[in-house]
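Only one structure is covered here, and it is reproduced in the block below.
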Amino acid sequence: MHEVFLKSLNKLQLEAATFGAGPLLVLAGAGSGKTKVLTSRIAHLILNGKMEPKKILAATFTNKAAREIKERLVPFIGERTEELWAGTFHTIGLRVLREEKKAAGDAAELTIYDEEEQDLLIRLVMSEMSINERDVPYKAARFEINMAKNSDLGPEDLACKSKHLFADVIAAIYREYEKRLAAMNALDFGDLICKPLKLFRQRPEVLEKYRERFDHILVDEYQDTNGSQYRLTKTLAGKKRNLFAVGDPDQSIYGWRGATIENILNFKADYPEARIIKLEQNYRSTGNILSAANSVIKNNGERLEKTLWTDNLGGEPVHYEECLNEYGEARFVVDRVRNLMAMNPGTGYRDFTVLYRTNTQSRPFEEMFFEEGVPYTIVGGYRFFDRKEIKDALAYLKALRNPDDSLNFLRIINVPPRGIGRAALEKAHSIARAENLSLYGAFRRGVEDGVFKNESVREFIGTFENLRSEISVRPLHEFTRRVLDLTGYLDMWAEKKTEDAAERIKGLDGLVAAIKNYEAGNPKATLADYLNLVSLMSDADSYEDKYNRVTLMTIHSAKGLEFPYVFMAGMEEGLFPHKRSIDGETVEEERRLCYVGMTRARKELYLLSAKQRASGKETNTAAPSRFLKEIDPAFIRVKEPPPEGRAEDHIAKIRKLLGS
DNA sequence: GTAATATAGCTTTTT
DNA sequence: GCTATATTAC
């Protein structure tokens with residue numbers, strides 16, 4: 001009990017951090033020091049319990065959270081943090097699969113498919129099966145397949161259990177989809193959890209190895225784990241039952257992704273001997289913010305009773321401002337940021353964040369911030385790696401590294417247009433089917449057999465093979481540059497005179513620079529390592545607060561973060577709670593999301609709504625969100641008169657208009 | 001057979 | 001506002 005890192009813990013936090021063996025569930029309210037307890041516990045296990053770092057498994061929600069845990073542990077265990085198995089469930093699953101593939105002597109690399117690639121494959125499968133989009137929209141098929149994987153269900157289970165009208169058709173799509181993924185050495189996100197489970201079922205000796213390896217398993221954000229992740233956790237915990245789960249049912253906001261609160265609610269049923277510790281003291285927010293948030297979450301039905309409290313009484317009341325439209329919201333934020341910075345020396349742009357329900361809401365803020373010269377960063381939304389040119393470039397890299405990946409090969413074979421159209425593709429497809437080859441294999445066979453009269457096919461396959469032989473002989477960024485040059489992809493954009501072409505080229509330069517940067521930090525990394533990293537990287541992972549800028553992000557992305565000043569924009573019926581959640585009867589999850597957003601704030605919380613909001617071509621009028629009405633009036637101040645300093649702003653603006 | 005151009009369709013949250 | 005698709009042009 002002498003360790004320094006335990007000193008700053010309160011009684012309950014200390015009990016959780018130093019808990020001995022066996023299952024423990026920590027119900028940790030917002031701002032109750034959850035991460036501190038988690039890291040303290042790991043440090044305690046290693047320093048006091050003499051545990052090997054490599055025998056500890058910590059599953060977090062984002063890679064960034066895992067990185068933070070490691071960083072916090074460095075002062076105590078130094079570079080041994082690298083031995084820890086810390087990462088998202090997906091990262092951990094991939095690590096197991098790669099390790100076992102290698103152990104089995106299989107050198108082939110796995111490719112991870114994101115949602116876009118998943119959709120392409122599903123649509124390809126559906127068209128080959130002649131399934132009408134009108135009967136089964138591909139998005140419905142994707143949803144059902146993903147939900148099945150979230151619960152560790154195969155095609156047969158889906159056929160029985162899905163409530164979908166065409167459940168048996170979707171099950172057939174699922175079966176074919178699985179076959180194709182396997183042939184391409186590809187995995188979707190769900191597979192990263194399901195395939196390890198399958199492996200453990202089929203090979204008990206492999207499972208035994210991992211059970212032996214992990215003495216302690218810690219799971220963060222337990223309220224947002226899905227059925228498969230739960231099963232994986234339980235499977236690995238095995239007989240040792242050293243499972244430490246931390247979560248807050250009130251912050252469960254990923255139900256749409258298959259997360260089930262039941263994992264928390266049933267903990268005691270699975271582990272009757274479990275100790276349950278509630279952390280209810282909040283160290284983050286003022287009393288007013290906390291009380292306002294509590295008065296909202298109270299309106300949810302089935303809750304585990306939990307009352308968050310704080311010593312930090314009072315503070316500014318939560319401020320609600322009804323604006324004219326979305327630009328009014330942005331205007332308000334700019335004015336308020338400037339005022340608060342002027343009145344509070346030492347406060348910087350980094351202390352402010354704007355949270356919203358949907359990514360599209362960021363636009364008016366971007367415009368206004370840009371015009372007004374307010375520095376900002378956006379987390380999420382249109383990600384760099386989602387840009388078309390980046391996706392194309394990565395498709396080249398993926399196809400080169402894993403030539404079985406027919407989907408990405410198909411994506412790039414005629415980009416730039418090189419005269420390989422439908423006819424050539426049909427030919428290759430029939431060879432592939434007849435000879436049981438990948439698309440690339442079929443093209444190669446066709447070229448060898450002289451099937452293609454088209455010279456450009458021979459040429460491209462030649463280029464492709466040459467590039468393949470260069471993969472591991474050059475640094476990655478050089479290789480990437482060469483791919484972009486030799487395939488003519490860069491020239492394709494260079495020759496275009498459109499305005500966006502220059503942007504695309506910039507994007508590609510950015511990719512090469514990013515890869516170079518990655519190589520500098522990871523000298524031993526392979527192309528496969530880089531591609532996997534990109535696939536598993538989340539928006540939150542790339543968020544850095546080292547820049548002194550206002551942050552813009554969705555409330556989902558803000559999970560686990562905190563800021564002195566928080567603006568929640570778009571507090572309107574139909575937007576928040578979102579219309580689709582009202583229709584789908586998941587308003588309680590929206591309410592939890594609102595709770596998550598409000599509890600991000602340390603000092604001051606501003607809630608904004610717009611009377612009118614442009615959406616697409618039309619402008620909608622919306623009523624203020626029901627969540628606003630749920631806030632106890634004692635803690636909220638509605639539309640305070642404009643603070644001082646604003647008048648000067650107006651004078652300055654008039655001066656500017658007059659050009660003086 | 002392939003490429004360039006116009007049109008429709010969609011934007012809840014993301015590992 | 002952006003991309004996949006359908007249509008027309010070469």
Side-chain angles (χ1 to χ4, degrees), chain A residues 59-66 87-94 112-116 118-120 123 133 137-139 146 149-150 187-193 221 224-226 228-229 252-259 355-363 366-367 379-383 385-389 391-392 411 414-427 453-454 456 492 496 498 500 503 532-541 553-559 570 574-584 586 589-590 592-594 596-597 614-617:
Chain A
T60 56
F61 197 73
T62 62
N63 290 300
K64 188 179 174 235
T88 62
F89 274 104
H90 297 88
T91 310
I92 292 165
L94 177 64
I112 300 162
Y113 280 177
D114 64 12
E115 191 166 76
E116 192 184 316
Q118 200 183 6
D119 282 346
L120 280 171
R123 294 170 75 186
E133 268 271 328
Y138 71 89
K139 283 185 179 182
N146 284 344
K149 292 193 177 189
N150 285 335
L187 300 167
D188 61 24
F189 279 116
D191 286 340
L192 292 170
I193 318 297
E221 308 282 7
D224 282 321
T225 52
N226 64 35
S228 298
Q229 291 165 339
S252 169
I253 54 175
Y254 283 91
W256 50 275
R257 219 173 70 182
L355 303 180
Y356 36 75
R357 179 64 180 80
T358 65
N359 282 304
T360 49
Q361 287 170 254
S362 69
R363 183 139 278 152
E366 289 179 76
E367 287 175 21
V379 178
Y382 247 34
R383 290 158 67 220
F385 288 101
D386 286 337
R387 291 162 66 160
K388 189 183 162 62
E389 70 274 21
K391 284 236 152 196
D392 282 341
R411 178 180 177 126
N414 203 34
V415 180
R418 43 175 81 92
I420 304 176
R422 225 176 60 194
L425 275 171
E426 285 290 327
K427 228 178 256 176
K453 293 176 206 127
N454 194 340
S456 53
M492 179 183 89
K496 277 202 179 131
T498 51
D500 67 311
E503 273 306 307
N532 288 335
L533 177 88
V534 167
S535 300
L536 295 178
M537 198 167 59
S538 71
D539 296 333
D541 293 338
M553 66 176 115
T554 62
I555 306 172
H556 281 93
S557 300
K559 186 166 105 153
L575 183 61
F576 195 28
H578 199 275
K579 189 179 176 307
R580 293 174 80 142
S581 77
I582 299 171
D583 297 343
T586 54
E589 180 155 310
E590 297 282 297
R592 291 193 290 270
L593 190 59
C594 183
V596 168
S615 68
K617 280 174 208 150

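Proximity of K139(A) to the phosphate of dT11(B): a side-chain N or O atom is located under 4.0 Å from OP1 or OP2. Dashed line: the shortest gap from a side-chain N or O of N150(A) to OP1 or OP2 of dT15(B) is not under 4.0 Å. The shortest distance between the side-chain N/O atoms of S557(A) and the OP1/OP2 oxygens of dT14(B) is below 4.0 Å. The phosphate of dT11(B) has neither OP1 nor OP2 within less than 4.0 Å of any side-chain N or O from T358(A). The shortest distance between the side-chain N/O atoms of N359(A) and the OP1/OP2 oxygens of dT14(B) is below 4.0 Å.
With rounding to whole Å, N414(A) atom CG is found 8 Å from dT2(B) atom P. Rounded to whole Å, the distance from CE on M553(A) to P on dT14(B) is 11 Å. The distance from atom CD of E367(A) to atom C1' of dG1(C) is 11 Å, rounded to the nearest whole Å. F89(A) places its CZ atom 20 Å from the P atom of dT14(B), with the value rounded to the nearest Å. When rounded to the nearest whole Å, the span between CG of L533(A) and P of dT15(B) equals 13 Å. Regarding R418(A), its CZ atom lies at a distance of 10 Å from the P atom of dA3(B), rounded to whole Å. When the P atom of dA4(C) is taken as reference, atom CZ of R411(A) falls 7 Å away, rounded to whole Å. Put simply, CD on E115(A) is 14 Å from C1' on dC10(B), counting in whole angstrom units.
Side-chain contact between Q361(A) and L575(A) is present, with at least one heavy-atom pair separated by less than 4.5 Å. Counting only heavy atoms from C-beta outward, the side chains of D114(A) and S535(A) never approach each other to under 4.5 Å. Contact annotation: the side chain of E116(A) approaches that of R411(A) to within less than 4.5 Å [non-hydrogen atoms, C-beta and beyond]. Annotation: side chain of L120(A) is not in contact with side chain of Y113(A) (no heavy-atom distance under 4.5 Å). Counting heavy atoms from C-beta outward, K559(A) and T62(A) have side chains that stay 4.5 Å or more apart. Residues E589(A) and W256(A) are in side-chain contact: their nearest non-hydrogen atoms beyond the backbone lie under 4.5 Å apart.
Centre separation under 5.5 Å together with a plane angle under 30° does not hold for the ring of Y254(A) and the six-membered base ring of dT13(B), so they are not marked as stacked.
Going from atom CD1 of I555(A) over to atom CZ of R592(A) covers 13.5 Å, rounded to the nearest 0.5 Å. Here the straight-line distance linking atom OG1 of T225(A) with atom CZ of F61(A) works out to 9.5 Å at 0.5 Å rounding.
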* **Which nucleotides of DNA chain B pair, in dot-bracket form (Watson-Crick or G-U under 3.5 Å, | meaning another strand)** => |||||||||......
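Of the listed nucleotides (dT2(B), dT13(B), dT15(B)), dT2(B) has the atom at the smallest distance from the side chain of A424(A).
Counting any heavy atom pair closer than 4.0 Å across all strands shown, R387(A) reaches no nucleic acid atom. Here K388(A) lies in heavy-atom contact (under 4.0 Å) with sugar-phosphate atoms only.
Each of S535(A) and R422(A) lies near DNA chain B, and the nucleotide nearest R422(A) is the one positioned closer to the 5' end. Nearer the 5' end of DNA chain B, as judged by each residue's closest nucleotide, is the contact made by A423(A), out of T88(A) and A423(A). Ranked by how close their nearest DNA chain C nucleotide is to the 5' end, R363(A) and E116(A) are led by R363(A).
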